[in-house]
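Values below: every heavy atom of this structure, side chains too, minus hydrogens, waters and symmetry copies. Chain A is the first sequence line, chain B the second, and so forth, proteins listed ahead of strands; every chain is numbered from 1.
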Protein chains: 2
Amino acid sequence: MNKKKTTNKRKIRRAPTESDVARLAGVSQSAVSRAFTKGASIAKATREKIIAAARELGYHPNLLARSLATRRSNIIALAIANLENPFYAQVAQQLSAQLRETGRHILLFTSSIYDETDPMLERALSYQADALIMTATKASEQLADQFKKAGVPIVQINRESKIAGVSTVWGENYRAGKVAASHFLKKNHKNFAFVAGTKISSTSHMRQQGYIETLAKNNIKNVQIVYGEYSFEGAANAARKLFNSKNPPDAIFCASDYMAFGVLEVARREFALKIPIDVAIIGVDDVPEASHSAYDLTTFSQPAAALAKEAISIVDKMIANPNRRAIRTEVAGELIIRGSTRR
Amino acid sequence: MNKKKTTNKRKIRRAPTESDVARLAGVSQSAVSRAFTKGASIAKATREKIIAAARELGYHPNLLARSLATRRSNIIALAIANLENPFYAQVAQQLSAQLRETGRHILLFTSSIYDETDPMLERALSYQADALIMTATKASEQLADQFKKAGVPIVQINRESKIAGVSTVWGENYRAGKVAASHFLKKNHKNFAFVAGTKISSTSHMRQQGYIETLAKNNIKNVQIVYGEYSFEGAANAARKLFNSKNPPDAIFCASDYMAFGVLEVARREFALKIPIDVAIIGVDDVPEASHSAYDLTTFSQPAAALAKEAISIVDKMIANPNRRAIRTEVAGELIIRGSTRR
DNA sequence: GCGGGTTTTGCATGCGCATGCAATAAAAAA
DNA sequence: TTTTTTATTGCATGCGCATGCAAAACCCGC
């Protein structure tokens, strides 16, 4: 009935806003806004007064409101299939670390489906993401369309795309295969095999091309190809098939380190093969484990940090000029020679 | 000069808004809002008309604006130290997958510093996150304070906390150690060792307690303790120390699978020990690799899915009742017996 | 101490959506 | 058909912040 009742009715503590800070500091709300906007026109003394008031209240700017007003969310959507793969986890880690330096953050969309487009990704548009970065997945034509219409760039890491609006950054896939083949040839191997990822992986396909074509140039045509499905166990099965074949390979190139580990273990434990004497193995990625003494894997590197950096650089360019065509960049890698190949 | 000039001046294509949809559908903006709000009062025919118009325009609701109006962002901040660790990657994956079912998404904060509080986490407050979930990190007193003030719950996965406002969910750490010890004892082992994580990890400490106390009850006091720093290489070094000692162990319990892998590899390759005859090994976590034939590791499981589920459940409870005290839950695990221990 | 120039400030408004309230249309009851 | 009840709608406003514009405060040199 009385006034008190009204003011007391349920003390929900709201987060302080600019207006609260303004009141305490004795300035206008817009002054507070300017105090927190880099480069805005505001007197030094005023800003300090405001900062002090803000600290006193425990004020945190509401970035969602800011985004609404500025039309820039500083949110980057990251679509990632199988985070469990250390290589992609590393890419995610790198992206996150590098983005934070420009005040941006990652909205995570995981998916367990490899190489297929997650319908949930439309949500990134609803969250007003400034860009979408995809790893180990591809954007469908339809998704790309929607993002283009919204002016939100898409960058794929490690997957090729024929879609006009989609930028891509990848490692030197063809060269990886080529270099692996050359290295094996130099060490006088005779029987070659390739453990591919999945059938639809463009990445795996490019590596295979580089490998096979280089071997073909040296008159080696009978290269066994098996699929490891980009998993440890898948590769282990593929390896069993290889070693049980009538003509077991003495040189195996794997489309990923992870698969190489699977092959390596099967070779050692189930077939008692000596590495690199009986069989040599080369992977791709150079994940941290590759350098562990347990694996000591020769591999063609695909530097996560560089991939992340390039992806972000593309994002920046596309945001700066939305009408720009898709950008396609290759990031250099190199053969890192370790104990899984002959000296 | 003429009117056309005004309307044509710079065709920046804005994303369509509810007002655009409303215009096309011939209804008010609020009707459109209601059409997209579950349970709102709106006629079926109207909604359909609106949905059609929305589809035609390619309308995506602006979730930031919605969050501003509803004071609920549906964003959950996830702080994760070393994503590269497959166990935590798995937890992240689980959280992401389970949260999406209730329409929530993860804002990712990675950190390479173990067990320390990342100052960047304040940003979660700015993004109006509905909650903060932390894995492999702990909230500082000060951070917890700020979140409590803002009414945003914090849940730590796999880290203990003495701070009042911080909820926690963890695996059966003490029991893991206890069960490991019992299993070793049953198999007649004589010389015991423990490979701990870091010195300040409460998780590692609990596991150690369970192990040591159980052994002590059986009159075994001289348990060697070494630190593996939760890394493969760290554990490998720890293992070298153990196997080179005057009394090398025949039973090693490791505070994580990952470290167990390091120990296992060193045992086999550098010391030519037969597992589990010469030395038996038990880990904790049950990461996917543990079941791979290469490792075939006996381990006390710490189910990522269950941890994630419990963390989310706590978040929900805390959001429903912000004044509630912190919740502490233990998630059951079990000893999964594989080839790294004697039959 | 004054005019013109330069900062610094506040005012007003809009970003896209949700929602209480009042107005209206539809349905049910009389 | 008229009245009452209920289901739909639109209006108006606010969420917290940024920003163009005009007013105010400050600066300088003369």
Practice item. Let me know, please, whether B/G26 or A/A31 comes out on the 5' side of the other along DNA chain D by nearest nucleotide. Key: B/G26
Check your understanding: Is the distance from OP1 or OP2 of C/dG16 to the nearest side-chain N or O of A/R71 less than 4.0 Å?
Key -> yes
Check your understanding: When you check the gap from the basic side-chain N to the acidic O, do A/D20 and A/R23 get nearer than 4.0 Å?
Key -> yes
Check your understanding: Would B/R100 and A/D118 satisfy salt bridge (Lys or Arg N to Asp or Glu O under 4.0 Å), going step by step from the backbone distance to the final call?
Key -> CA-CA 12 Å; B/R100 79 149 61 187; A/D118 184 344; 2.6 Å; yes
Check your understanding: Between B/T102 and B/R104, is any side-chain donor less than 3.5 angstrom from a side-chain acceptor?
Key -> yes
Review point. Considering only D/dA18, D/dT19, C/dT9, which nucleotide approaches the side chain of A/S30 most closely?
Key: D/dT19
Practice item. Starting from C1' on C/dG10, measure out to CZ on A/R23 and report it in whole angstrom. Key: 16 Å
Practice item. May I ask you to say what A/T46 touches in the nucleic acid, namely base, sugar-phosphate or nothing, with a heavy-atom cut-off under 4.0 Å? Key: sugar-phosphate
Review point. Any side-chain N or O of A/Y59 under 4.0 Å from OP1/OP2 of D/dC17?
Key: yes
Review point. If you find the nucleotide of DNA chain D closest to B/A43 and the one closest to A/S19, which residue's nucleotide is nearer the 5' end?
Key: B/A43
Point to revise | Between C/dT19 (P) and B/K38 (NZ): distance, integer Å | key: 15 Å
Study note, to complete from the structure: Taken to the nearest whole Å, CD1/B/I42 to P/C/dA26 is 15 Å
**Study point:** Polar side chain donor-acceptor pair, B/Q94 to B/Q98, under 3.5 angstrom
**Key:** yes
Review point. Are A/T110 and B/S96 close enough that a side-chain donor and a side-chain acceptor fall under 3.5 Å?
Key: yes
Check your understanding: Of the nucleotides D/dG16, D/dG10, C/dC17, which one has an atom closest to the side chain of B/N62?
Key -> C/dC17
Check your understanding: In whole angstrom, what separates A/L63's CG from D/dA18's C1'?
Key -> 13 Å
Check your understanding: Ignoring hydrogens and angles, are the base of D/dA18 and the side chain of A/Q29 linked by a donor-acceptor pair under 3.5 Å?
Key -> yes
Review point. With a 4.0 Å cut-off on heavy atoms, is A/V27 in touch with a base, just the backbone sugar-phosphate, or nothing at all?
Key: sugar-phosphate
Exercise for review: Would you kindly check whether a donor in the side chain of A/T17 faces an acceptor in the base of D/dC15, or vice versa, at under 3.5 angstrom?
Suggested key: no
Practice item. Give A/T70 one of three labels, base, sugar-phosphate or nothing, depending on what nucleic acid heavy atoms sit under 4.0 Å from its own. Key: sugar-phosphate
Check your understanding: Is the A/F109 ring parallel, tilted or perpendicular to the B/H105 ring (thresholds 30°, 60°)?
Key -> tilted
Point to revise | A/L68 CG - C/dC15 C1' separation (whole Å) | key: 4 Å
Review point. Closest to the A/R34 side chain: D/dG20, D/dA18, C/dT8?
Key: D/dG20
**Study point:** Atom pair distance, as rounded to whole Å: OH in B/Y127 and P in D/dC17
**Key:** 14 Å
Review point. How close or far is atom P of D/dT19 from atom CZ of A/R72, stated in whole angstroms?
Key: 12 Å
Point to revise | Given D/dC21, C/dG20, D/dA18, the nucleotide with the shortest approach to the side chain of A/R66 | key: D/dA18
Practice item. Let me know the distance between CZ of A/F36 and P of D/dG16, rounded to the nearest Å. Key: 15 Å
Exercise for review: Among C/dG10, D/dT19, C/dG14, find the nucleotide with the atom closest to the side chain of A/S28.
Suggested key: C/dG10
